[in-house]
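Just so you know, residue 1 is the first one in the sequence shown, and it goes up from there. These numbers come from the heavy atoms of this one structure, side chains and all, not from hydrogens, waters or symmetry mates.
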Amino acid sequence: MAGRRMREALRAKLISSGVLGSDAYVVIAGPANTYAHYVTTREEYSVQRYEGASTIFGQFTLEAYIDKYSSLVPFLADNATGTPPSDPAPIDQTSKAISLQPGVVFDAAPLGKTFGAVLVDVNTTPYHASDIVSAQFVGANPRNNLRLEGTFLTVDQLVNGQWKTVRSDSHPSTTYQWVRVNTILGTSTVTISWTIESGTPRESDFSLSSDILLKRPTAGTYRLSYFGDSKPLIGSISSFSGISSSFTVS
């Protein structure tokens, strides 16, 4: 009901302001990718069942949203000028956050190995759709660097003599598994897997601005790449990478 009232109020405002015509259809979406808790009507709030009791900013929360969104309607017009007023940004409190999770003590590679070294390589025989390709590397604790806006892995395809990334850890066909082998010695492994999807995109499907393809990989030559960061007992965290042998998908 709160969403319906919000749509009706904003639709009326958009039409009366001349931003949209009388055939306007309003949809509530959440592109901000954040959560502002429950929003209920005053009637639902007064009952104080789950949703009403979870509307933490009070019984006029819906009206506050409608008022704020309505004030932004003029800035949606094609001939709009200026920008809407804004309150100061909230104070960044992340430096004051308390974590009860112990920090990473240190990472170490096994004797005779280096971080990113391949422990278990891909098969030399061709893979096919629905097969799972995997490789195991000398790893390090992923909490050393969460690689936000980055990736712990890539699946790369050889196209015209150059490696092009076709999958990252954000794609559901890939998995990243970190295992602590020995806590005292600080050793660990990372296994990267890719479930091969069927499909035949063309080279033009590759996007230079993104490492994710909407379409599926074609037959060809591929490799798995691992990206990590290790923490020594004394010193600073440093990045490293590992690459599997190339393999074919037919």
Heavy atoms only: give me the nearest [X]-[Y] pair and the separation to one decimal.
X: Ala109; Y: Thr187; result: C-CG2, 4.1 Å
X: Thr61; Y: Gly58; result: OG1-O, 2.7 Å
X: Ala2; Y: Val39; result: CB-O, 3.4 Å

Is the Lys NZ or Arg CZ of Arg223 less than 6.0 Å from the centre of Trp163's six-membered ring, within 45° of the axis?
yes
Between Tyr38 and Tyr50, is the ring centroid distance below 6.0 Å?
yes
Lys/Arg N to Asp/Glu carboxylate O, [X] vs [Y], below 4.0 Å:
X: Asp169; Y: Arg147; result: no
X: Arg49; Y: Glu44; result: no
X: Glu197; Y: Arg167; result: yes

Qualifying residue for ring pair (Phe, Tyr, Trp, His ring centres under 6.0 Å) with Phe152, from Tyr176, Phe137, Phe240
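The option that passes is Tyr176.
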Run the side-chain hydrogen bond (donor to acceptor under 3.5 Å, both in side chains) test against Asp131 and tell me which residues pass, sequence neighbours left out.
none
Taking side-chain hydrogen bond (donor to acceptor under 3.5 Å, both in side chains) as the test, write out the residues that go with Ser22, two or more places apart.
none
Check the pair Tyr222, Gln157 against side chain to side chain donor-acceptor pair (under 3.5 Å), reporting the backbone distance first and the verdict last.
CA-CA 4 Å; Tyr222 293 82; Gln157 183 179 17; 3.2 Å; yes
